[in-house]
Amino acid sequence: MNIDITAGAKPEYPVIDRNPPFTKTVANFNTLDYLRLSTITAVSVTVGYLSGIKPNVRGPSMVTGGIIGLMGGFMYAYQNSVGRLMGFFPNEAEVARYKKA
């Protein structure tokens with residue numbers, strides 16, 4: 001089942017793939033996406049550690065915060081990557097890369 005999720009919105013930039021698969025989207029992550037993912041994860045680990053000091057559950061709280069941050073950071077990077085492929089975010093580098101192929 002292939003659903004067109006851009007039916008109601010008009011992309012402002014060149015469309016590379018209207019409905020990119022998961023593997024293509026993850027392969028399209030750029031340096032900034034990885035930087036954002038790791039920053040969100042690191043901040044979440046720190047917040048988890050600090051929030052676990054008072055009840056003395058620093059370890060489990062830190063791991064839980066890290067997992068939540070990793071998932072949130074991945075979803076944020078994925079959203080940016082798919083937005084570039086679908087033409088909703090600036091995508092000059094992707095247009096140049098996929099034009100060659």
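N91 places no side-chain N or O within 3.5 Å of a backbone atom of E94 that could act as its donor or acceptor partner. Formation of a donor-acceptor pair under 3.5 Å by the D33 side chain with backbone atoms of N30 is found in this model.
In this structure, F74 is not a member of the same hydrophobic cluster as I67, with clusters built from ILVMFWY side-chain heavy atoms closer than 4.5 Å. Follow the hydrophobic side-chain contacts under 4.5 Å out from Y78 and you reach L70 in the same cluster. Both M62 and L50 belong to a single network of hydrophobic side chains, linked directly or stepwise wherever heavy atoms of I, L, V, M, F, W or Y lie under 4.5 Å apart.
Using a 4.5 Å cut-off on side-chain heavy atoms (C-beta onward), T39 and L35 make contact. Side-chain contact between F88 and V82 is absent, with no heavy-atom pair separated by less than 4.5 Å. Between P14 and V95 there is a side-chain heavy-atom pair separated by less than 4.5 Å. Side-chain contact between N56 and R58 is present, with heavy atoms from C-beta onward closer than 4.5 Å.
Every residue two or more places apart in sequence or in another chain that forms a ring-ring contact (aromatic ring centres under 6.0 Å, His included) with Y34 is listed here: F29. For T41, there are no side chain to side chain donor-acceptor pair (under 3.5 Å) partners at least two apart in sequence or on another chain.
A pairwise comparison of heavy atoms in P20 and T25 identifies CB-OG1, 3.6 Å as the closest pair.
Under 3.5 Å, the side chains of S61 and S51 contain a donor-acceptor pair of N or O atoms. Side-chain contact check for S81 and N28: at least one donor-acceptor pair (N or O, by modelled atom type) lies under 3.5 Å.
Between atom OG1 of residue T31 and atom CZ of residue R36 there is a gap of 11.5 Å, rounded to the nearest 0.5 Å.
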For a salt bridge (charged side-chain N to carboxylate O under 4.0 Å, His left out) check, start with the C-alpha distance between D17 and R84, then their side-chain angles and the critical distance, and finish with the verdict. CA-CA 9 Å; D17 193 342; R84 289 191 306 271; over 6 Å; no
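Hydrophobic clustering, defined by side-chain heavy atoms of Ile, Leu, Val, Met, Phe, Trp and Tyr closer than 4.5 Å, groups I40 together with Y76.
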